[in-house]
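Owing to the predicted nature of the structure, the values given are computational and were not obtained by experimental measurement.
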Amino acid sequence: MPNSATPTHCPYCALQCGMNLTPGADGSDGVAVVTERADFPVNRGALCGKGRTAPAVLSSRVRLTSPLVRRAGVLEPASWDEALDRIAEGLTRTRTEHGPDACGVFGGGGLTNEKAYLLGKFARVVLGTSQIDYNGRFCMSSAAAAGMKAFGLDRGLPFPLEDIPKTGCVVLVGSNLAETMPPALRYLTELRDNGGTLIVIDPRRTRTAEQADLHLAPRPGSDLALALGLLHLIVAEGRTDEEYIRERTSGWEETRAAAMAHWPEYVERITGVSVPELREAVGLFCEPEHAMVLTARGPEQQSKGTDTVGAWINLTLATGRAGRPLSGYGCLTGQGNGQGGREHGQKADQLPGYRKLVDPEARRHVAEVWGVDPESLPGPGRSAYELLDALGTDIRSLLLMGSNPVVSAPRAAHIEERIKSLDFLAVCDVVLSETAELADVVLPVTQWAEETGTTTNLEGRVLLRRRAITPPEGVRSDLEVMHELADRLGVEKGFPTDAEEVFGELRRASAGGPADYSGITYRRLAEENGVFWPCPAPADEVHPGTPRLFLDRFATDDGRARFVPVVHRAVAEEPDAEYPVLLTTGRVVAQYQSGAQTRRVDELNAAAPGPFVELHPRLAERVGAAEGDPVAVVSRRGRAVAPARITTTIRPDTVFMPFHWPGEGRANTLTNPALDPTSRMPEFKACAVRVEAVGD
């Protein structure tokens with residue numbers, strides 16, 4: 001590659017920040033040098049530490065550079081032919097002995113659109129299995145389900161980030177942007193500089209909450225009651241927009257009645273948020289002409305996450321904000337391609353273009369693009385946790401790309417045992433993750449700067465990530481892996497290795513669907529700094545893309561938004577005498593997701609070297625723990641041990657653990673896999689635990 005800067009995007013979160021990459025000097029450990037790219041509007045040159053150090057993961061000292069196969073219980077280097085032959089043999093044996101649905105496929109929210117698309121096609125066309133899902137199910141599936149119910153369409157943000165500083169009030173629910181998406185914090189700073197107000201809802205007084213005009217600290221798992229209490233006050237104080245409700249919505253009377261059963265004093269008892277604070281929040285939200293509600297994992301990763309997000313959406317509908325300029329509801333997607341990853345077929349119940357797998361017309365359209373009989377396409381399969389829970393029983397072999405469920409799945413010790421019980425496991429990854437260490441075959445695949453492909457950020461902006469450096473010898477792309485495996489499994493056509501060719505097929509498959517990419521090309525993405533979907537391809541014009549959704553109508557049959565009546569219910573596992581405290585989990589700024597990549601970067605490890613347990617001084621005194629002492633957090637699923645971090649910024653009835661680490665400090669050993677009935681999201685954000693001091 002020429003020794004010049006290539007404009008591209010960060011591999012981590014859903015901001016997909018723009019950056020420039022220049023290959024490092026020959027023989028240096030600096031695989032590439034990151035420099036500012038001020039022309040990209042999302043981050044305007046700003047980067048967090050993860051983005052600045054991202055090339056370090058691609059060093060040959062860190063990344064995999066050869067396939068590995070298990071011989072006599074030990075992973076050893078092997079040729080590509082041997083590794084691919086072993087995978088094909090393992091999958092064939094499983095299909096022959098147990099049927100196609102005994103083969104599982106598990107993807108990731110960091111895969112490019114091209115990889116996600118082809119992985120869904122591979123599962124359904126080559127393996128003939130319904131058992132495919134991805135770790136994005138753990139990200140924003142509850143928000144997606146609520147958005148579909150209310151608006152008829154799910155796109156993380158229905159407006160660009162640039163609208164946020166121009167609104168009058170932002171209610172940020174369960175998000176710590178200062179640590180999860182640091183470059184995005186400027187939008188909230190600019191909001192306040194412009195005279196707008198910020199309300200942050202979080203059980204902890206985080207770095208983001210420190211920026212707020214009002215911080216509400218509800219008990220974990222009580223966000224639904226909080227939203228209902230606010231809606232009760234909005235009705236009682238006459239702050240609803242009756243004309244908007246009449247002209248642009250349906251279902252208001254049932255929703256109003258449900259909210260009125262949640263009077264302020266009742267909500268105060270459930271949430272711990274005082275009635276004066278509830279009234280103050282209503283005033284701040286309702287007084288300006290424009291306002292937004294933004295949710296993240298806090299309200300979404302609950303066994304009632306869909307209803308909880310729906311309750312916050314109802315606030316925007318009752319006050320006439322959704323589908324109006326500088327207003328509305330949005331979800332802050334977490335993973336780098338969490339949005340695009342679920343739009344094009346990685347998800348158990350969806351086909352490309354965000355089409356429903358059970359829709360006969362959707363099946364016909366996609367089958368025609370794929371050149372197969374619609375009847376040959378399997379139906380919906382298990383959701384992510386249910387798929388992982390079935391490993392070793394109903395599902396006997398697994399092909400896994402870009403995920404590390406040994407660390408990231410709820411009830412992780414159980415999932416680790418399920419993975420160990422498989423007849424065959426193949427993993428494609430850039431590093432030897434904790435899950436890859438258990439595999440029969442590990443394939444080293446290109447990532448991010450070593451390949452070209454597209455992602456879709458939290459705004460619904462489709463982006464082009466360009467190849468900037470040459471991958472090490474012995475490393476291949478996931479597209480090449482699927483091509484070679486399809487060929488070995490008897491499907492010789494339909495699995496190109498060129499990303500732009502795959503994207504061309506994706507465009508055809510998505511055409512006419514809710515997430516229509518047919519009018520988007522690599523050339524446009526390069527020239528326009530991304531294009532917002534939906535972007536159809538009219539015969540006689542170039543569609544500009546759709547930065548702002550719902551301004552004229554919602555994506556429902558009658559164009560009206562739907563109020564969905566909901567009522568408060570408790571978390572799946574309430575505290576009791578044996579487990580009297582609630583655990584909630586989250587991230588720290590220097591690590592990302594399961595930490596499989598960031599834990600290999602010295603600078604990031606220096607900033608965040610390991611897990612910890614954050615607890616209030618009153619709780620620390622009760623259990624006899626001092627700052628830095630090891631403490632055990634115990635749930636019905638297991639035990640985790642980490643140093644105590646004592647702070648008054650957390651509720652006395654709550655402890656917090658970050659989830660980036662394996663081993664004895666693995667937070668997800670503790671978490672509850674109770675599933676939301678609609679989204680199938682596990683309840684990561686609230687489970688009953690006890691805290692114990694650990695003796696010398």
(request) Apply side-chain contact (heavy atoms from CB on, under 4.5 Å) to the pair L157 and L294, showing each step before the final yes or no. (result) CA-CA 9 Å; L157 292 181; L294 305 177; 3.9 Å; yes
(message) Working note: V57 + V431, criterion side-chain contact (heavy atoms from CB on, under 4.5 Å); need CA distance, chi angles, decisive distance, verdict.
(response) CA-CA 8 Å; V57 178; V431 296; 4.1 Å; yes
(request) Start with the C-alpha gap between Y329 and T295, add the side-chain angles, then the distance that decides, and say whether side chain to side chain donor-acceptor pair (under 3.5 Å) holds. (result) CA-CA 8 Å; Y329 164 78; T295 67; 2.7 Å; yes
(message) Evaluate D81 against R488 for salt bridge (charged side-chain N to carboxylate O under 4.0 Å, His left out), listing each step before the verdict.
(response) CA-CA 11 Å; D81 280 340; R488 283 166 167 79; 3.2 Å; yes
(request) Carefully, step by step, assess T455 and N337 under the rule side chain to side chain donor-acceptor pair (under 3.5 Å). (result) CA-CA 5 Å; T455 61; N337 198 31; 4.9 Å; no
(request) Could you please spell out the steps behind the salt bridge (charged side-chain N to carboxylate O under 4.0 Å, His left out) verdict for D163 and R548? (result) CA-CA 10 Å; D163 286 0; R548 296 170 181 85; 2.9 Å; yes
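A distance of 7.0 Å separates OG of S397 from CG of L422, quoted to the nearest 0.5 Å. Rounded to the nearest 0.5 Å, atoms CG (L388) and CZ (R382) are 11.0 Å apart. Separating the CD atom in Q339 from the CG atom in L458 is a distance of 8.5 Å, to the nearest 0.5 Å. Distance CD/Q335 to SG/C139: 5.5 Å, rounded to 0.5 Å. Atom OH of residue Y12 and atom OG1 of residue T53 lie 5.5 Å apart, to the nearest 0.5 angstrom. Distance CZ/R95 to SG/C103: 6.5 Å, rounded to 0.5 Å.
Counting heavy-atom neighbours within 6.0 Å of D373 CG, excluding the residue itself, gives a total above 12. Shown here is E541, whose CD atom has more than 12 heavy atoms of other residues, nucleotides or ligands within 6.0 Å. Within a 6.0 Å radius of CD in E473, no more than 12 heavy atoms belonging to other residues, nucleotides or ligands are found. Residue E82 qualifies as enclosed at atom CD: its count of foreign heavy atoms under 6.0 Å is above 12.
Residues E300 and V309 have side chains in contact (heavy-atom distance under 4.5 Å, counting atoms from C-beta outward). The closest side-chain heavy-atom distance from L485 to L84 is below 4.5 Å. Residues L47 and E36 fail the side-chain proximity criterion, which asks for heavy atoms closer than 4.5 Å. Side chains of E450 and R467 form no contact here, defined as non-hydrogen atoms less than 4.5 Å apart. Within the 4.5 Å cutoff, the side chain of L387 has heavy atoms near those of the L398 side chain. A 4.5 Å side-chain heavy-atom check between C48 and Y592 finds every atom pair outside the cut-off. Looking at heavy atoms from C-beta onward, M140 lies in side-chain contact with D154 at the 4.5 angstrom threshold. In this structure the side chain of T435 never reaches within 4.5 angstrom of the side chain of D429, judged on heavy atoms.
A side-chain donor from one of N135 and S403 sits under 3.5 Å from a side-chain acceptor of the other. Side-chain contact check for R524 and N529: no donor-acceptor pair (N or O, by modelled atom type) lies under 3.5 Å. In this model, a donor atom of one side chain and an acceptor atom of the other lie less than 3.5 Å apart for D558 and T556. At a cut-off of 3.5 Å, with distance as the only test, a side-chain donor of S383 or E386 sits close to an acceptor on the other residue. Side-chain contact of S679 with S142: a donor-acceptor pair under 3.5 Å is present, judged by distance alone. A donor atom on one side chain and an acceptor atom on the other are not found under 3.5 Å apart for Q447 and E451. Counted by atom type alone, N113 and T456 present one or more donor-acceptor pairs between their side chains at under 3.5 Å. Defined by atom type and a distance below 3.5 Å, a donor-acceptor pair is present between the side-chain atoms of T454 and E114.
Of all heavy-atom pairs spanning R155 and T546, the tightest one is NH1-O, 2.7 Å. The two atoms that bring V462 and L525 nearest to each other are O-CD2, 3.1 Å, heavy atoms only. The minimum heavy-atom distance linking L443 with A83 is given by the pair CD2-CB, 3.6 Å. Between A123 and I132, the shortest heavy-atom distance links the atoms CB-CD1, 3.8 Å.
Outside the 6.0 Å centre-distance limit, the rings of Y134 and F106 are not counted as a close aromatic pair.
With a 6.0 Å cutoff to the six-membered ring centre and a 45° limit on the axis angle, R124 does not count as a cation-pi contact of Y117.
A salt bridge between D516 and R507 is absent, with no side-chain N of the basic residue lying under 4.0 Å from a carboxylate O of the acidic one. Taking 4.0 Å as the cut-off between side-chain N and carboxylate O, E505 and K121 count as a salt-bridged pair. Salt-bridge check for R86 with E89: failed, with every basic side-chain N at 4.0 Å or more from each acidic carboxylate O.
H344 pairs with exactly one of Y354, Y517, W533 by the ring pair (Phe, Tyr, Trp, His ring centres under 6.0 Å) rule, that one being Y517.
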